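Predicted model only: the values in this text are computed from it and were never measured.
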Amino acid sequence: MRGAVRAERVVTSGTFSLDGGTFDVDNNVWLVGDDEVLVLDAAHDAEAVHRATAGRRVTAIVCTHAHDDHIDAAPELSVLTGAPVLLHPDDTELWSLTHPGRKPDGEPADGRILTVAGIELHVVHTPGHTWGSCCLHAPFLNAVFTGDTLFHGGPGATGRSYSDRPAIEASIRARLLTLPGDTVVHPGHGQDTTIAAEQPNVPAA
């Protein structure tokens with residue numbers, strides 16, 4: 001029954017490496033559903049994420065982008081659950097830095113609708129943090145899962161390869177700030193926020 005559908009947060013810890021630097025990070029892994037779940041960003045610890053699914057059927061493992069801290073556990077979790085790994089094709093090159101011998105199983109193109117537990121998640125392509133960054137809007141939950149595109153405090157980082165500050169700001173203005181203001185933002189790191197709360201934190205065009 002759709003009333004039982006919810007978003008659950010699992011926090012995993014590990015490292016993020018790019019452009020010669022390595023940093024300790026805590027990641028939000030999101031499970032969306034009820035008796036069946038969709039996993040967003042399988043980070044660091046496939047076993048921990050698998051335990052959190054508690055025997056429920058996993059319909060897909062969706063990567064909001066291909067930074068290693070968001071995808072490092074995806075192939076192993078796919079083996080444990082039998083679920084496909086989905087990644088926007090614009091992040092294929094970045095993915096291959098972490099998993100050169102394993103390609104994603106599918107592409108969540110902009111506008112694609114993923115269904116789980118009777119609800120819809122709409123794929124929203126938001127390039128900038130990486131070229132293939134995507135968010136997932138779940139109208140039934142009044143929520144959007146933003147990966148590293150939008151955080152409590154504003155846009156995600158763009159100081160590394162495969163990123164661009166004007167692009168991320170344009171993506172957020174056009175694709176996220178147009179959502180209802182009370183939409184809850186579930187990011188890839190840190191605490192939740194809302195679209196209205198972040199409006200002042202995104203520069204105007």
Side-chain angles (χ1 to χ4, degrees), residues 1-13 25-44 48-49 52-54 56 58-65 67 69-71 86-88 108 110-130 132-158 168-204:
M1 151 174 168
R2 293 206 313 172
V5 177
R6 61 198 181 278
E8 304 166 60
R9 185 199 320 249
V10 179
V11 178
T12 60
S13 300
V25 287
D26 296 328
N27 284 61
N28 296 330
V29 181
W30 294 98
L31 311 182
V32 183
D34 53 15
D35 294 335
E36 63 176 20
V37 294
L38 181 147
V39 175
L40 289 173
D41 289 343
H44 308 307
V49 178
T53 66
R56 293 172 287 177
V58 178
T59 60
I61 301 160
V62 182
C63 308
T64 61
H65 64 292
H67 280 154
D69 59 318
H70 289 255
I71 64 168
L86 307 182
L87 175 76
H88 193 279
D110 184 60
R112 180 175 174 183
I113 295 175
L114 306 175
T115 59
V116 63
I119 72 162
E120 296 181 344
L121 290 92
H122 300 252
V123 177
V124 183
H125 184 211
T126 51
H129 181 67
T130 66
S133 286
C134 289
C135 301
L136 281 92
H137 179 218
F140 179 77
L141 297 174
N142 192 37
V144 61
F145 300 87
T146 56
D148 287 2
T149 293
L150 182 64
F151 293 111
H152 181 275
T158 54
I168 196 173
E169 292 175 355
S171 290
I172 293 169
R173 284 193 300 267
R175 309 305 306 276
L176 299 181
L177 296 186
T178 52
L179 297 174
D182 63 349
T183 302
V184 177
V185 174
H186 294 307
H189 307 271
Q191 68 191 78
D192 293 347
T193 182
T194 65
I195 291 296
E198 299 314 313
Q199 190 105 29
N201 299 324
V202 181

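Atom CZ of Arg56 sits about 6.0 Å away from atom CG of Leu31, to the nearest 0.5 Å. In this structure, CG in Asp41 is found 11.0 Å from CZ in Phe145, a value given to the nearest 0.5 Å. Rounding to the nearest 0.5 Å gives a distance of 11.5 Å between OG1 of Thr158 and CG of Asp148. Note that NE2 of His70 and NE2 of His65 are 3.5 Å apart. Values are rounded to the nearest 0.5 Å. Interatomic distance, Leu121 CG to Arg112 CZ, rounded to the nearest 0.5 Å: 11.5 Å.
Although no hydrogens or angles enter the test, the distance criterion places no donor-acceptor pair under 3.5 Å between the side chain of Glu120 and the main chain of Thr115. A donor-acceptor pair is defined here as one N or O able to donate and one able to accept, closer than 3.5 Å; no such pair exists between the side chain of Asp35 and the backbone of Ala117. No side-chain donor-acceptor contact under 3.5 Å links Thr193 to the backbone of Val185. His189 places a side-chain N or O within 3.5 Å of a backbone atom of Asp26 that can act as its donor or acceptor partner.
Side-chain atoms of Thr146 and Thr64, non-hydrogen and from C-beta on, never get closer than 4.5 Å to each other. Contact check for Pro187 versus His152: no side-chain heavy atoms found under the 4.5 Å cut-off. Here the side chains of Ile172 and Leu177 are in contact, with some heavy-atom distance below 4.5 Å. With contacts defined as side-chain heavy-atom distances shorter than 4.5 Å, the pair Leu150/Ile195 qualifies. Taking 4.5 Å as the limit, some side-chain heavy atom of Ile119 sits within range of a side-chain heavy atom of Val32. Here the side chains of Asp110 and Arg175 are in contact, with some heavy-atom distance below 4.5 Å. At a threshold of 4.5 Å between non-hydrogen side-chain atoms, the residues Leu114 and Leu86 count as touching. Between Trp30 and Arg9 there is a side-chain heavy-atom pair separated by less than 4.5 Å.
Checking Asp182 against Thr194 by side-chain atom types alone, no donor-acceptor pair falls below 3.5 Å. Checking Asn27 against His44 by side-chain atom types alone, a donor-acceptor pair falls below 3.5 Å.
Contact record, Thr149 with Ser133: OG1-CB, 3.8 Å, taken as the closest heavy-atom pair.
Using cut-offs of 30° and 60° for the angle between ring planes, the His67 and His129 rings count as perpendicular.
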